[in-house]
Amino acid sequence: MSSSHQAPRTASEPATGSPSDHAPTPSPAAGDPDFRAALAQWRLQLRTEVKKVSSLPTAMFDTIDPMLEMRLAECTETMLHQLQVPGNHLLSTNNEDLRLEEVDQEAIRALPKRFAKHDATPVDLLSNLNAEYFGVLADMCRTQDGAIRERAVGLICSDFGITNDGLEEATEELWRMTVAANIDAGNDRDSEPELRAEFDQVTKVMQSSLQPKVDQDESSNATPRQP
Amino acid sequence: MTTTMIGRHREVVKRFTIELVELTLNREMHDRASSYVADSLHQLISTLGECEAAGVEMPLQLQFGERIVFYDGEPLDSPSLQAARLLKACSDRNVAMLSFRPQLTAEELNRALDLLLHPRNREALQRDNRDRVLKAFGVRNVDFTLNTPADPGNRRSAVDANPELDKAVGQYQDLADVLQTNHARAYRDLDLAIDEAAGVVERTIAELEEPSTLLSLATHDDVDRFTVGHSVRVALLTLQVARQLGLAREQLVSIGTAALMHDIGKSKVPQEILFKCGRLDEHEWHLMSQHPRLGAELLLEQHSEVDPCAIGAAFCHHMGPHGHGYPRPKMPILPSGTSHLVRVSDVFEALTSVRPYKQALSPMEAFAIMFAHESDFEPNWLRAFARTIGLFPTGTRVMLDDGSHGMVLAQGQDPSRPIVRLFAGAEGRDLLPDEPDSILIGTEVEGRPRRVLAINTQDRVVDVPEFEELPVLSTPHACLSEDLARAAANVGRPQDE
């Protein structure tokens with residue numbers, strides 16, 4: 001191979017797999033939790049075992065074929081691997097072993113009529129998009145922290161037009177949307193106080209996120225930036 | 001050699017090719033020394049042994065066209081569907097054929113893949129370098145035949161070109177490839193390539209506007225069964241329904257991209273769990289059930305490019321209409337129409353595909369199960385989906401009651417009576433020159449209406465019961481376009497009528 005193809009490899013780059021990449025891995029310390037190191041140690045032992053069984057001196061291995069020792073070890077490893085996971089591949093598995101759901105033939109025969117049943121309301125792919133979007137962002141506000149929460153709050157404010165000035169009005173609009181979702185989810189009006197408490201938590205997160213910006217704006221107004 | 005033997009050879013070679021494609025995808029996603037790559041390598045070596053044991057001619061030779069992998073001059077179309085990376089690597093290095101000897105070992109194969117896949121080794125296989133490089137890398141049991149007339153053993157010319165198949169496979173590969181890229185980027189905490197995904201979806205929509213075999217390919221992608229391939233199929237199903245609703249192109253792109261990316265959160269679920277064959281324990285299930293939330297988070301971080309409907313579909317595609325399913329947000333979320341449709345497509349695809357623990361159900365069996373659990377879905381969306389996809393979705397291979405067989409070309413007015421393109425006539429004989437090559441099921445031929453007797457799923461033949469004819473609808477079918485309705489009405493009729 002020409003030298004132009006073997007530029008020095010940095011730690012972050014994947015190995016290119018040239019023969020020089022196969023230097024023995026240092027033995028893991030006792031109790032070392034790194035399974036890769038343990039695996040490397042196991043492979044080394046396997047090669048040693050293969051070499052022992054062959055009764056050939058190392059020099060003979062190298063003279064005959066420098067790759068022989070490695071290949072024998074790999075072959076043994078493959079055999080062991082196969083013993084551990086017999087027939088683990090999907091397509092090599094007999095299809096008869098795979099589960100097959102039983103389906104009633106009458107239910108199948110009835111399908112065309114069920115397909116043809118008249119729809120009460122026409123389907124609309126764009127229905128509830130806003131309510132869904134707000135619901136997801138509100139969930140992120142309540143369940144996440146750090147950057148994700150900040151991002152969600154920022155998006156609620158920007159995409160639903162919420163500002164410090166119109167916070168109360170805008171949140172009431174969002175509350176109406178939330179109540180509609182609650183009813184559609186099959187919940188009755190009794191669940192609304194609990195829902196309101198949850199909603200207020202989201203509003204608090206929004207307020208606390210909006211407030212510092214106002215303070216920041218005010219402070220930046222108070223002390224003009226030095227050139 | 002008998003036909004059965006040839007069939008068996010092709011099956012095991014097909015499996016070898018699928019595993020080779022999976023190996024290249026694993027090499028893309030993980031470090032070359034990772035346990036994922038090691039497992040793939042061992043599996044492939046084992047299958048090479050099976051090929052030899054089955055009597056496949058050694059060395060095993062795979063040929064590489066622009067879009068399709070070939071064996072013995074015949075296209076291996078299903079393994080090719082996610083082989084974009086492998087095919088591109090071969091094309092970049094001018095490799096026309098790879099030959100694998102049975103003495104090949106896992107480590108040697110990994111080194112051969114270094115030459116084929118690593119960007120720095122792009123010129124390593126040039127004619128002047130090749131032999132020296134192979135020696136230096138200790139690669140003796142993989143031959144790289146270059147696409148030059150001077151290279152002995154070059155059999156590229158023996159490969160039959162099929163532009164229609166190439167085009168459809170290419171479109172499918174682009175969808176799979178852009179999704180694979182996004183999964184790999186999410187896995188490595190890099191920014192997603194959403195605009196690229198939207199671009200591919202837009203081209204797919206254009207493809208679906210013309211008669212194409214793209215949808216038929218979607219029924220037999222065997223690689224990576226339930227992440228990338230699954231999402232591509234969900235996107236194609238969703239787009240098929242969305243197109244019938246007459247949405248603007250921009251909205252279709254948005255919905256198609258949402259469907260394509262709906263499972264992006266799975267890139268953050270450990271692969272041991274994602275691909276586990278057995279039942280998940282409580283902890284594993286908890287991690288798995290986080291994927292909708294993780295997906296929404298990933299997309300949220302990219303908000304400047306992502307449509308809110310993609311964030312919603314990622315979060316809500318496992319949520320039922322009345323608050324059941326998961327995740328369970330503290331405040332109830334009302335899923336959008338898009339999320340309802342993606343959920344129906346998602347479940348239908350899962351039921352009709354092979355999984356490590358189950359066989360594929362036929363579409364009609366899947367519908368029977370889904371309608372039995374109708375309350376798990378928004379019922380109007382379930383029916384809209386069923387009417388568009390039909391009992392015999394486009395691309396389904398069917399056998400008719402006179403022994404003829406073919407493939408579903410389009411849906412008719414009645415979901416049990418699709419339009420079928422015939423590959424063979426009655427009793428399996430060749431079609432006669434004056435015989436129509438397509439037929440609307442239910443049309444009378446020689447005094448009796450033709451009906452579908454059986455269909456081929458991925459892994460079995462399923463008998464089809466006799467369906468009652470539906471009364472003619474007074475209004476046009478909600479999901480049947482005018483063009484299709486005209487085509488359905490004219491199919492099978494002599495032209496002078």
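Since the structure is predicted, the reported quantities are computational estimates derived from the model, not experimental observations. Residue numbers start from 1 in every chain, and the chains themselves are labelled A, B, ... in the order their sequence lines are given, proteins ahead of strands.
- Annotation: side chain of B:Ser336 is not in contact with side chain of A:Leu126 (no heavy-atom distance under 4.5 Å).
- Here A:Pro112 is the residue among A:Ala152, A:Ala180, A:Pro112, A:Ala107 with the most heavy-atom pairs under 4.5 Å with chain B.
- Looking at A:Leu111, only its side chain comes within 4.5 Å of chain B, counting heavy atoms on both sides.
- Contact annotation for A:Ile148: both backbone and side-chain heavy atoms come within less than 4.5 Å of a heavy atom of chain B.
- Only the side chain of B:Leu247 comes within contact range of chain A, with heavy atoms under 4.5 Å apart.
- Interface remark: B:Glu466 contributes backbone atoms only to the contact with chain A (heavy atom separation under 4.5 Å).
- Contacts of B:Ala106 with chain A are made by backbone atoms alone, with heavy-atom separations under 4.5 Å and no side-chain atom involved.
- No part of A:Glu102 comes within reach of chain B, as not one of its non-hydrogen atoms sits under 4.5 angstrom from that chain.
- Between A:Phe115 and the options B:Phe467, B:Phe385, B:Phe367, a ring pair (Phe, Tyr, Trp, His ring centres under 6.0 Å) holds for only B:Phe367.
- Smallest separation of non-hydrogen atoms from A:Arg114 and B:Phe371: NH2-O, 3.3 Å.
- In terms of modelled atom types and a separation under 3.5 Å, the side chain of B:Gln251 and the main chain of B:Ala248 share a donor-acceptor contact.
- Remark: the backbone N or O of B:Gly320 is not paired with any side-chain donor or acceptor of B:His324 at under 3.5 angstrom.
- Counting non-hydrogen atoms of other residues, nucleotides and ligands closer than 6.0 Å to CD of B:Glu468 gives a total of 12 or fewer.
- Contact annotation for A:Arg142: only side-chain heavy atoms (C-beta onward) come within less than 4.5 Å of a heavy atom of chain B.
- Heavy atoms closer than 4.5 Å to chain A are found in the backbone of B:Ala360, but not in its side chain.
- Proximity to chain B (any heavy atom under 4.5 Å) is shown, for A:Asn130, by neither the backbone nor the side chain.
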Check your understanding: Would B:Lys330 and A:Asp139 count as a salt bridge (Lys or Arg N to Asp or Glu O under 4.0 Å) if you check the C-alpha gap in whole Å, the side-chain angles of each, and the deciding distance to 0.1 Å?
Key -> CA-CA 7 Å; B:Lys330 290 186 174 175; A:Asp139 183 78; over 6 Å; no
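- Contact of B:Thr338 with chain A is made through backbone and side chain together, with heavy-atom distances under 4.5 Å.
- In this structure, the portion of A:Tyr133 lying under 4.5 Å from any heavy atom of chain B is its side chain and not its backbone.
- At least one donor-acceptor pair under 3.5 Å links the side chain of A:Thr203 to the backbone N or O of A:Phe199.
- For a residue to count as touching a neighbouring chain, one of its non-hydrogen atoms must lie under 4.5 Å from one of that chain's; by this rule A:Thr178 touches chain B with the side chain only.
- Proximity to chain A involves both the backbone and the side chain of B:Leu391, based on heavy atoms less than 4.5 angstrom apart.
- Only the side chain of B:Ile255 has a heavy atom closer than 4.5 Å to any heavy atom of chain A.
- With chain B as the partner, the residue from A:Gln105, A:Lys113, A:Lys117 showing the most heavy-atom pairs under 4.5 Å is A:Lys117.
- Using a 4.5 Å cut-off between heavy atoms, A:Phe134 contacts chain B through its side chain alone, with no backbone atom that close.
- Closest heavy-atom contact between B:Pro465 and A:Arg109: CB-NH1, 3.4 Å.
- Side-chain contact check for B:Gln43 and B:Ser40: no donor-acceptor pair (N or O, by modelled atom type) lies under 3.5 Å.
- Only the backbone of A:Asp124 comes within contact range of chain B, with at least one heavy atom under 4.5 Å from a heavy atom of that chain.
- Interface residue A:Thr143: only side-chain heavy atoms are found under 4.5 Å from chain B.
- Looking only at side-chain heavy atoms (C-beta outward), A:Val179 and A:Trp175 come within less than 4.5 Å of each other.
- Put simply, of B:Ser416, B:Ser339, B:Ala372, the one with the most heavy-atom pairs under 4.5 Å next to chain A is B:Ser339.
- The minimum heavy-atom distance linking B:Gly312 with A:Glu132 is given by the pair CA-OE1, 3.2 Å.
- With chain B as partner, the option from A:Ile108, A:Asn182, A:Leu125 having the largest number of non-hydrogen pairs under 4.5 angstrom is A:Leu125.
- A salt bridge is absent between B:Glu108 and B:Arg111: the closest approach of a Lys/Arg side-chain nitrogen to an acidic carboxylate oxygen does not fall below 4.0 angstrom.
- Of the atoms belonging to B:Cys309, heavy atoms from both backbone and side chain fall under 4.5 Å from chain A.
- Neither the backbone nor the side chain of B:Ala310 comes within contact range of chain A; no heavy atoms are under 4.5 Å apart.
- In summary, the side chains of B:Thr47 and B:Glu19 do present a donor paired with an acceptor at a separation below 3.5 Å, with no hydrogens or angles considered.
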